[in-house]
**Q** 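Sending over a structure as structure tokens; questions will come in a sec.
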Amino acid sequence: MAMEVEKLDENEWQTKLRQLNESGHKELVVKRNFGHDGQNTLAEMARQHGLHFHAYNKGKSLVFSKVPLPDYRADLDERHGSAQKEINMSTETERRVENLLAKSIGTSGIIGSSSTSSPTSSQGSKQSLPNMVTTDGESRARLGVPKEKFSLELRDMQISKKSTPSARAMQSFREKLPAYKVKEEFLKAVADNQVLVVSGETGCGKTTQLPQFILEEEVSHLRGADCNIICTQPRRISAISVAARIASERGENLGETVGYQIRLEAKRSAQTRLLFCTTGVLLRRLVQEPDLGGVSHLLVDEIHERGMNEDFLIIILRDLLPRRPDLRLILMSATINADLFSKYFENAPTIHIPGLTFPVAEMFLEDVLEKTHYKIVSETDNFVGGSRRRRQLSSKSDPLTEMFEDVDINNQFKSYSISTRQSLEAWSGAQLDLGLVEATIEYICRNEGDGAILVFLTGWDEISKLLEKIKANTLLGNSSRFLVLPLHGSMPTVNQREIFDRPPSNMRKIVLATNIAESSITIDDVVYVIDCGKAKETSYDALNKLACLLPSWISKASAHQRRGRAGRVQPGVCYRLYPKLVHEAMLQYQLPEILRTPLQELCLNIKSLQLGAVATFLAKALQPPDHLAVQNAIELLKTIGALDEIEELTPLGHHLCMLPLDPNIGKMLLMGSIFQCLDPALTIASALAHRDPFVLPINRKEEADSAKRSFAGDSCSDHIALLKAFDTWKDAKRSGRARDFCWQNFLSPMTLQMMDDMRGQFLDLLSDIGFVDKAKGIKAYNHYGHDMEMISAILCAGLYPNVILCKKRGKRTAFYSKDVGKVDIHPASVNAGVHLFPLPYLVYSEKVKTTSIYIRDSTNISEYALLLFGGTLKPSKTGEDITMLGGYLHFSAPKSVIQLIQRLRGELDRLLQRKIEEPRLDVYSEGKGVVTAAVELLHS
DNA sequence: GAGCACTGC
């Protein structure tokens, strides 16, 4: 049935594909694992042939299959062994569940509830959210101050604040910024055009000055009371810091005329005329106010970053502009792709502002090699006749690396030394040479002037290895002369002051960082940047429904941004550890996030904003996502019951729209509130939605590992570990020991605090949509909050269809998922290294392909959790089998047991349906019998 | 037997 080949070169694909297409073969088995790029190449070609292939790993081979996924069953035995699970229910359990169920059917009154439309739920979804941006253009008027008077007040205040000596000093500083030179041109363009694109390099003052120009202009023309300027920022930190900066430039306190609003935090008042908020906050506001009533000017900053929120917002705004002719839209971008946005908005005029940073010299690999005399040695050079072309076959390579391998080094680099040319011959873009990084750092320290060094690396591993190399280095290892600091989003050092502070004068600071230092964290005193040219980047493989996190070449735009990090205080130097030819071949910009991410949450938001059919709407994007990615998202939303067959929101979908969460996590939260597990559901949802509170220290990772495991106990669950860690932190906090507790248990206090705040927000939202009555307190919804089986069932209800089969293979266990076949447990999971699981399945919240396909966090669950809280059950004709997940999960049992399970499940579903349609229904008392029967079964 | 880019509601 399968065609087999060893490895294919690019031209052979075409032929093989055609053969596969025309033949009766079902699969193409490629024996070499040639990596993700190869898969995508084939996928692309297949699409051109009008075929969709499904790829999965099978041992060391990669299999491409024509078989559509629902027809999985036939292949199951061959690939996974038998996936059939026998349900062994004791007659005692059967009898008890039977009794509980019989009782409940008599009393609960839940039979015959068949309404499908829901007036109550749609009412619920129109209720207002707390922490929402509210229109307050008229708020002062409402407070009794007439508009005209308020405008006068604002103007007089602006005049008086400008006359103080400190304000004059501030003004002269502002006048030196490049943005000041375009002030009149800018204000005229804003007055004359509905849309304007402003491009400018960092340091030109566009973010701090342009919104301020508008504010000053409006206030001085006595339009202050009517103006309502919003400026969006992609990150929380920048929303706060820019607002604070502008308030101080105006000589005001933050929260007066200038304020900010980010999730769970705001500083603003009725006077506020200029508000900085994150893009996410504005998108939430659009749910309530599709026309942005009351907003006079909207500035969208950093659109060149092409974040998902910003791309999404821009589609909505383009449609909104005709309905709001008085609204002014200003898009702010880096220079590099301003034209793209101008074209998108019917050739809107653009204004360019030159930058004001110090010049940064740049060097490429060839120059770095000349200076450092470092010799790159290829691993395969030791073999006789190891030509460069041959080496490429042995390593996973990418187009840029391959391109350079075809370059005639001696010809192209005539003017360079022989040693450099040899090194260039040996260089491979596939692997970073840490020795070269070390040599470059050493060169700077020996030969260049003072100033901090910032090294861009791809991840934890490289940072850790380089740190060790530096420690062992005879010069750099001297800790009284060199301060070497790792900087990684998951390391506990991120907020330590020494990263930002200037070191003592005889000491040089060397920061080893990931992408985090590209835009999120700014270190002012950097003079030297060393750039490895790569970053770990997410991508989304729509064919296999798989998120990937793989190192790849950065774009020219990112390289430019990294270089700029060296010129903030004085002229700097950027050492690029890749050849100039590679730099020239880099993509202009990074692929926008909307093309690199699963889209379920975005699709849900599109539905909640009533923007029409998802695919039609997304086709209007600057760069529309792949059709298959959209289909996957819609299908998932249907699977979890958020969308119906005609892609309309179900009552459940309406509720999920109100929760700022991934739909799966939102569902888990709702299920937790319904089934008396509110407290754990709040905690787990906030951790999954925000970030993992466990940090990864560089030297003590074994200790960190065991701390996490001790929280999990014998639960076989990362989610329980999160829960226990959070609860223990709360206790420690109450007794004033939070700081020590976090340090000893490798937890991030900031993340835990954020989780705590988010729990509060979720509780408010659940209360708004009627699922809980806040006045009664969490305890009233937490009867099973300490019941592990019930918590696992809730996790299953929320995380489905993210299910993994655990299959015993001798002393070990192997893991399989429906979409990609064999997967591994991530080594940071508490389930890594567990050989025998008490229960046959795992549910997970994240599956990511890195060096392998890993399940990052998982919880071991029983067949009953799946049968009662998983996907739709499909009984077989014989009545002795039930399947789920398109036949992937298969259960068998005696007829009576199957019938019992179906009846119980039916009652549970009806109860749930009624609750979703009438959120205020008291499930705990009305459906007590059904719930107790379910709990009984989960415990058996 | 071995690993964790970064945001945001």
Side-chain angles (χ1 to χ4, degrees), chain A residues 129-133 232-239 261-265 277-288 302 305-313 456-465 487-491 494 513-521 532 534-539 547-552 554 558 590 593 596-597 601-602 604-605 608 657-662 665-666 686 689-692 694-698 701-702 704-705 708 718 754 757-758 761-762 765 812 824-829 832-835 846 848-852 854-857:
Chain A
L129 279 169
N131 300 318
M132 210 55 167
V133 184
T232 69
Q233 292 292 316
R235 283 168 290 279
R236 293 162 60 91
I237 302 222
S238 39
Q261 172 151 17
I262 57 178
R263 182 184 199 168
L264 302 169
E265 201 181 316
C277 67
T278 41
T279 318
V281 166
L282 187 72
L283 283 169
R284 276 285 138 181
R285 174 174 178 168
L286 278 161
V287 179
Q288 285 202 141
E302 314 281 14
E305 288 182 14
R306 304 300 307 278
M308 170 120 85
N309 282 345
E310 289 72 23
D311 267 18
F312 180 35
L313 179 62
F456 282 104
L457 300 163
T458 58
W460 197 95
D461 215 38
E462 282 180 0
I463 292 175
S464 167
K465 280 181 184 148
L487 178 60
H488 181 291
S490 316
M491 283 177 189
V494 173
T514 61
N515 246 356
I516 196 168
E518 201 176 291
S519 53
S520 303
I521 285 181
C532 74
K534 289 197 173 179
K536 281 190 184 162
E537 192 183 58
T538 50
S539 52
C548 307
L549 182 62
L550 301 164
S552 57
I554 59 174
S558 291
Q590 192 194 25
E593 193 185 5
R596 296 187 288 113
T597 330
E601 202 181 345
L602 180 67
L604 194 66
N605 287 332
S608 88
C657 288
M658 302 308 288
L659 302 169
L661 283 168
D662 178 89
I665 303 171
S686 55
H690 185 227
R691 59 148 82 203
D692 193 348
F694 288 97
V695 292
L696 310 155
I698 212 141
K701 53 180 182 172
E702 285 78 15
D705 227 38
K708 186 173 177 185
D718 294 295
M754 185 68 186
D757 296 343
M758 286 170 70
Q761 186 191 26
F762 295 149
L765 292 168
R812 292 182 179 282
D824 293 313
I825 306 290
H826 195 286
S829 163
V834 174
H835 294 313
E846 223 186 343
V848 180
K849 176 173 167 165
T850 53
T851 49
S852 165
Y854 285 108
I855 301 302
R856 283 222 175 127
D857 40 13

**Q** Categorize A:G307 for me: base, sugar-phosphate, or nothing, with a 4.0 angstrom heavy-atom threshold over every strand shown.
**A**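 Nothing: the residue A:G307, judged by heavy atoms under 4.0 Å, touches no strand.
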**Q** Are the side chains of A:S464 and A:K701 in contact, using a 4.5 Å heavy-atom criterion?
**A**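 No - every pair of side-chain heavy atoms lies 4.5 Å or more apart.
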**Q** Measuring to OP1 and OP2 of B:dC6, would you say a side-chain N or O of A:K536 lies under 4.0 angstrom away?
**A** no
**Q** Figure out the CG/P separation between A:D718 and B:dG3, and round it to whole Å.
**A**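 So the two atoms are 17 Å apart, to the nearest Å.
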**Q** Determine, for A:E462 against A:K534, whether the closest basic-nitrogen to carboxylate-oxygen distance falls under 4.0 angstrom.
**A**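 Answer for the salt bridge query: no.
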**Q** What nucleotide, of B:dC4, B:dA2, B:dT7, holds the atom closest to the side chain of A:W460?
**A**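 Of the options given, the side chain of A:W460 lies nearest B:dC4.
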**Q** Which of these nucleotides, B:dG8, B:dC4, B:dC6, is closest to any side-chain atom of A:N309?
**A**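 So the side chain of A:N309 is nearest to B:dG8.
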**Q** Check every atom of B:dA2, B:dC4, B:dT7 against the side chain of A:H826 and return the nucleotide holding the closest atom.
**A** B:dC4
**Q** Does B:dC6 sit syn or anti, given that only angles within 90° of 0 count as syn?
**A**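 Anti for B:dC6; the angle lies over 90° from 0.
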**Q** Which sits closer to the 5' end of DNA chain B, A:T278 or A:G459, going by the nucleotide each is nearest to?
**A** A:G459
**Q** I want to verify a distance call: between B:dC9, B:dG3, B:dC6, whose nearest atom is closest to the A:K701 side chain?
**A** B:dG3
**Q** Have a look at A:L696 and say if it touches a base, only the backbone sugar-phosphate, or nothing, with a 4.0 Å heavy-atom cut-off.
**A**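 Since a base atom lies under 4.0 Å of A:L696, the category is base.
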**Q** Just how far, in rounded Å, is P of B:dC9 from CG of A:L313?
**A** 14 Å
**Q** Using a heavy-atom cut-off of under 4.0 Å over every strand shown, decide if A:R235 touches base, sugar-phosphate, or nothing.
**A**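 It contacts sugar-phosphate atoms only.
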**Q** Hey, does A:T850 reach any base, or is it just sugar-phosphate, or nothing, if we go heavy atoms under 4.0 Å?
**A**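 Here A:T850 touches the backbone only, sparing every base.
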**Q** Using a cut-off of 4.0 Å on non-hydrogen atoms, how would the nucleic acid contact of A:E518 be classed: base, sugar-phosphate, or nothing?
**A**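 A:E518: no heavy atom of the nucleic acid under 4.0 Å.
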**Q** Hey, are the side chains of A:E305 and A:D311 touching, using non-hydrogen atoms and a 4.5 Å cut-off?
**A** no
**Q** Among B:dA5, B:dC9, B:dG1, which is the nearest nucleotide to the side chain of A:A832?
**A**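 So the nucleotide nearest the side chain must be B:dG1.
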**Q** Tell me what A:A535 touches on the nucleic acid: a base, only sugar-phosphate, or nothing, going by heavy atoms under 4.0 Å.
**A**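 A:A535: no heavy atom of the nucleic acid under 4.0 Å.
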**Q** Going by atom types alone, do A:R236 and A:T278 pair a side-chain donor with an acceptor below 3.5 Å?
**A**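 Absent: no donor and acceptor within the cut-off.
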**Q** Would you mind checking if A:K465 and A:D461 are paired as a salt bridge, meaning a charged N to carboxylate O distance below 4.0 Å?
**A**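 Between A:K465 and A:D461 there is a salt bridge, with a charged N closer than 4.0 Å to a carboxylate O.
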**Q** Would you please confirm or rule out a distance under 4.0 Å between OP1 or OP2 of B:dG3 and any side-chain N or O of A:Y854?
**A**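 Yes.
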**Q** Taking the nucleotide of DNA chain B with the nearest heavy atom to each, does A:P660 or A:D705 sit closer to the 5' end?
**A** A:D705
**Q** Would you mind reading off the distance between A:I262 atom CD1 and B:dT7 atom C1', rounded to a whole angstrom?
**A** 13 Å
**Q** Considering every strand and a 4.0 Å limit on heavy-atom distances, what is the contact class for A:R691: base, sugar-phosphate, or nothing?
**A**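 The answer is sugar-phosphate, as A:R691 gets under 4.0 Å only of primed atoms, P, OP1 or OP2.
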**Q** I need the minimum non-hydrogen distance between A:S608 and A:C657, along with the two atoms involved.
**A** CB-SG, 3.1 Å
**Q** Would you say B:dC6 has OP1 or OP2 under 4.0 Å from some side-chain N or O of A:T538?
**A**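 For B:dC6, OP1/OP2 do not have a side-chain N/O of A:T538 under 4.0 Å.
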